[in-house]
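Quick notes on the structure that follows.
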Amino acid sequence: MITGIDVGGTFTDLVLWDPAQQRIRVAKVPTTPGNQAEGVLAVLAAAGVDVPSLEAVIHGTTATTNALLERRLAPVGLITTRGFRDVLELGRRTRPTAYGLTGRFEPLIPRELRHEVAERISAEGEVLVPLDEAAVAGAARALLAAGCQSVAIHFLHSYRQPAHELRAGEIVRGLWPNGHVTLGHQVLSEYREYERGVAAAVNAAVQPVLERYLARLRAGLAERGFARELLVMQGNGGTIAARLAPVHAVSSVMSGPASGVIAAAATARAAGIPRLITYDMGGTSSDVALVDGGEPRLTSDLELEYGMPIHVPLVDVHSIGAGGGSIARVDEAGMLQVGPRSAGARPGPICYGRGGTEPTITDANLSLGRLDPVRLLAVDNPVSVEHVRERIAQRIGAPLGLDADAAAAAILRIANDRMAGAIRMVSLARGHDPRDFALFAFGGAGPLHASALARELGIPTVLVPARPGLTNALGCAVADLRHDFVRTVNCPVSGLPDALVRTVVEAQRAEGEALLAAEGVAFERVDYLHEAELQFQGQSHLLAIPLAGPGVSRAELHEAFAEAYWQRFQVRLPEIRPVLVNLHTAVIGRRKPFPLALLGRGEPRARLEEACTGTRRSWFERGGWQPTPVYRRDWLPEDAQFSGPAIVEQLDTTVVIEPGDGAVRDALGNLRVTVA
């Protein structure tokens with residue numbers, strides 16, 4: 001048995017494949033914020049899992065991301081090159097508010113915990129100043145005396161020559177009471193000392209947090225008889241053994257959104273759809289990403305918040321503050337705004353009956369007949385639809401001169417516009433036409449809005465998976481083992497030594513294979529993905545191009561970059577020299593395929609009419625109020641076909657089919673919606 005478990009902000013979800021019974025089990029329990037491990041153990045119990053018989057537990061956690069955003073971090077110190085202690089604070093000389101006169105920024109490591117030592121290596125890797133080993137030992141003792149639990153060692157140009165960092169690491173480990181010693185070049189072997197330093201600082205700051213959490217979880221699983229290796233989801237869309245995860249703690253940032261994209265990519269590949277835009281709408285935010293050729297796009301340019309660039313390979317996810325709990329309000333200028341402020345889980349939307357008084361996107365959907373008030377999850381004290389409509393009319397309608405219907409419709413229109421803007425950011429803004437993609441809608445609220453968003457953007461097809469509200473947990477279950485390596489070359493293509501690319505790539509492959517072997521987790525085969533990041537000389541931004549393998553020639557690199565630049569910018573610059581900056585290799589241990597078709601297994605009826613549970617008046621932008629048939633999803637016939645307007649209900653979400661759209665249930669249990 002294999003299970004994927006994802007910890008979200010509100011719920012902890014489980015998807016389990018039981019080969020003995022040839023079925024998939026699912027479960028959902030409230031998340032336990034104080035100790036997420038309790039929720040993980042609780043969801044296993046809720047699913048009735050025989051823990052000793054589990055072959056693999058793959059876990060996605062928000063522990064590190066939340067710790068960073070909330071600054072609940074371990075005290076961490078820095079040992080760096082003399083004269084460079086303030087690099088983490090100076091950054092790129094930007095400001096928190098670009099056009100404001102004031103702004104506040106606090107680096108992860110305060111200045112009094114940043115110590116300098118004498119050493120210097122040139123950009124070419126030559127030793128200019130020998131390492132002062134006594135100063136390194138003194139800095140370590142001073143940081144321990146100051147109460148630091150972990151330390152980052154970050155020397156200038158260590159990506160080119162790591163000898164000083166390696167020696168300093170030996171000295172510090174000889175004095176440090178635990179294993180929380182981070183070497184910058186081992187986290188990120190790239191140029192740009194600011195980004196490399198921040199990555200090292202983030203890794204050191206979250207390492208104790210992640211290790212404590214995983215230790216509690218592994219102990220709880222062991223008490224219940226689990227004797228195999230726990231796997232942890234990473235932000236790059238792969239997994240890593242739990243005992244190795246704290247060493248690469250920074251890689252677990254954004255693992256939650258990444259797991260959803262991985263599930264979307266796996267589902268789309270199985271459905272024969274190689275290009276899609278993923279759209280995950282939850283309670284507080286919406287996450288969008290791009291999948292091209294069946295693989296998610298990765299980025300090294302994520303900035304978690306101001307002054308915190310996470311320059312390690314992560315699934316390229318763009319987030320905005322527009323979720324089901326996003327609050328609608330009329331601002332001082334008389335303009336309707338939706339989000340980013342959220343009602344959260346407490347008090348939540350008005351319709352949850354927990355004391356919420358401000359209208360949200362969920363309240364607007366309910367008041368327009370798109371949600372069934374009887375089927376809402378997590379309602380403490382039921383609130384009438386009329387009460388919700390009155391609050392929308394008072395807070396939104398009255399200031400704008402609209403009735404309750406028009407006010408609720410305006411909330412949805414503004415919310416959809418914001419979410420469409422996020423999709424444009426990952427598609428049009430990067431040279432991709434949305435009309436060439438399908439929209440993969442998941443999360444508790446995503447299928448409510450997907451058809452309207454697809455029409456807005458000209459996307460022809462919407463794909464709604466069998467279990468939209470459990471997609472992140474599914475992503476954990478289907479994820480492969482993965483390790484990413486980046487090495488800075490920073491050399492003009494015309495001057496590259498003949499064997500340099502092959503030497504670097506083969507070394508990255510060997511390192512990845514060694515890590516896969518050390519994890520002791522079963523996989524069927526090893527795949528490799530290679531990318532080169534290039535720029536024209538004098539530019540600052542990089543353009544990534546795929547490589548077929550390590551044996552690429554200078555002429556092939558030059559031609560591939562010129563073609564990629566033309567595709568992106570429609571410009572050719574033959575007179576400027578291209579520069580190979582970074583080489584990136586992903587080493588992927590492919591695990592056994594997950595039986596996705598079983599997710600859609602329900603209790604299908606013989607005829608579509610038998611899956612209809614009734615008719616409800618619902619409002620649509622095209623046509624206004626209309627009588628709308630409501631279908632129960634697990635009752636849909638295996639070859640079901642129907643047209644909108646229609647509503648499809650299931651435990652974890654509600655799917656809205658707009659008027660004129662056509663819906664088909666495919667062999668995997670997905671709903672394919674053709675947008676009119």
Side-chain angles (χ1 to χ4, degrees), residues 15 22-26 263-264 266-273 276 278-279 281 365 369-372 374-375 437-455 459-471 474 594-620 622-623 626-676:
V15 171
Q22 284 294 300
R23 72 186 184 103
I24 288 177
R25 283 187 257 173
V26 299
T267 305
R269 284 196 301 269
I273 302 176
L276 70 156
T278 69
Y279 164 55
M281 184 179 179
N365 275 308
R370 292 163 168 250
L371 290 173
D372 183 353
V374 178
R375 294 176 59 88
F437 293 79
L439 185 64
F440 188 95
F442 63 104
L448 278 165
H449 298 260
S451 291
L453 291 178
R455 180 172 292 105
I459 298 174
T461 304
V462 174
L463 191 68
V464 183
R467 294 284 188 174
L470 298 165
T471 302
L474 174 64
F594 193 88
L596 293 170
L598 294 181
L599 271 174
R601 181 183 290 178
E603 301 170 3
R605 300 305 193 247
R607 296 182 302 117
L608 180 65
E609 294 77 12
E610 296 175 27
C612 184
T613 59
T615 301
R616 188 163 71 233
R617 285 185 73 246
S618 302
W619 186 93
F620 299 91
R622 297 193 309 166
Q626 300 183 43
T628 305
V630 179
Y631 298 98
R632 181 167 160 174
R633 182 150 187 190
D634 59 339
W635 287 358
L636 288 175
E638 293 184 355
D639 57 350
Q641 297 186 35
F642 53 97
S643 299
I647 289 175
V648 182
E649 295 181 335
Q650 60 190 102
L651 174 66
D652 49 331
T653 194
T654 297
V655 186
V656 171
I657 313 295
E658 299 278 337
D661 293 354
V664 177
R665 184 191 185 279
D666 70 13
L668 295 175
N670 304 309
L671 280 179
R672 296 194 188 209
V673 181
T674 302
V675 180

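Nothing fancy with the numbering, it's 1 onward along the sequence.
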Could you give the distance from [atom1] ([X]) to [atom2] ([Y]), rounded to the nearest 0.5 Å?
{"X": "Leu371", "Y": "Asn365", "atom1": "CG", "atom2": "CG", "result": "5.0 Å"}
{"X": "Arg455", "Y": "Glu658", "atom1": "CZ", "atom2": "CD", "result": "5.5 Å"}
{"X": "Asp666", "Y": "Asp639", "atom1": "CG", "atom2": "CG", "result": "12.0 Å"}
{"X": "Thr615", "Y": "Ile647", "atom1": "OG1", "atom2": "CD1", "result": "10.0 Å"}
{"X": "Glu610", "Y": "Arg632", "atom1": "CD", "atom2": "CZ", "result": "13.0 Å"}
{"X": "Ile273", "Y": "Thr461", "atom1": "CD1", "atom2": "OG1", "result": "6.5 Å"}

Can you name the nearest heavy-atom pair linking [X] to [Y], along with the distance?
{"X": "Ala263", "Y": "Thr471", "answer": "CB-O, 3.3 Å"}
{"X": "Thr653", "Y": "Ala445", "answer": "OG1-N, 4.5 Å"}
{"X": "Ala597", "Y": "Ala667", "answer": "CB-O, 4.5 Å"}
{"X": "Pro637", "Y": "Arg607", "answer": "CG-C, 3.6 Å"}
{"X": "Leu276", "Y": "Ala268", "answer": "CD2-CB, 3.4 Å"}
{"X": "Gln626", "Y": "Phe620", "answer": "NE2-CD1, 4.3 Å"}

Passes side-chain contact (heavy atoms from CB on, under 4.5 Å), Leu636 versus Leu671? Steps please. CA-CA 10 Å; Leu636 288 175; Leu671 280 179; 4.1 Å; yes

Does any N or O in the side chain of [X] come within less than 3.5 Å of the main-chain N or O of [Y], such that one atom is a donor and the other an acceptor?
{"X": "Arg616", "Y": "Gly369", "value": "yes"}
{"X": "Arg605", "Y": "Cys612", "value": "no"}
{"X": "Gln650", "Y": "Gly469", "value": "no"}
{"X": "Thr613", "Y": "Tyr631", "value": "no"}
{"X": "Asn670", "Y": "Arg672", "value": "no"}
{"X": "Ser451", "Y": "Ile657", "value": "no"}
{"X": "Arg23", "Y": "Leu598", "value": "no"}
{"X": "Asp661", "Y": "Val675", "value": "no"}

Taking the side chain as C-beta and beyond, is there a heavy-atom pair between [X] and [Y] under 4.5 Å?
{"X": "Leu651", "Y": "Asp634", "value": "no"}
{"X": "Arg633", "Y": "Val464", "value": "yes"}
{"X": "Ile459", "Y": "Tyr279", "value": "no"}

Could you check Leu474 against Arg467 for side-chain contact (heavy atoms from CB on, under 4.5 Å), going step by step and ending with a plain yes or no? CA-CA 9 Å; Leu474 174 64; Arg467 294 284 188 174; over 6 Å; no

Begin with the C-alpha distance, continue with both residues' side-chain angles, and end with the deciding distance and a verdict on side-chain contact (heavy atoms from CB on, under 4.5 Å) for Ile24 and Phe594. CA-CA 10 Å; Ile24 288 177; Phe594 193 88; 3.6 Å; yes

Yes or no on side-chain contact (heavy atoms from CB on, under 4.5 Å) for Thr267 and Phe442, after CA distance, side-chain angles and deciding distance? CA-CA 12 Å; Thr267 305; Phe442 63 104; over 6 Å; no

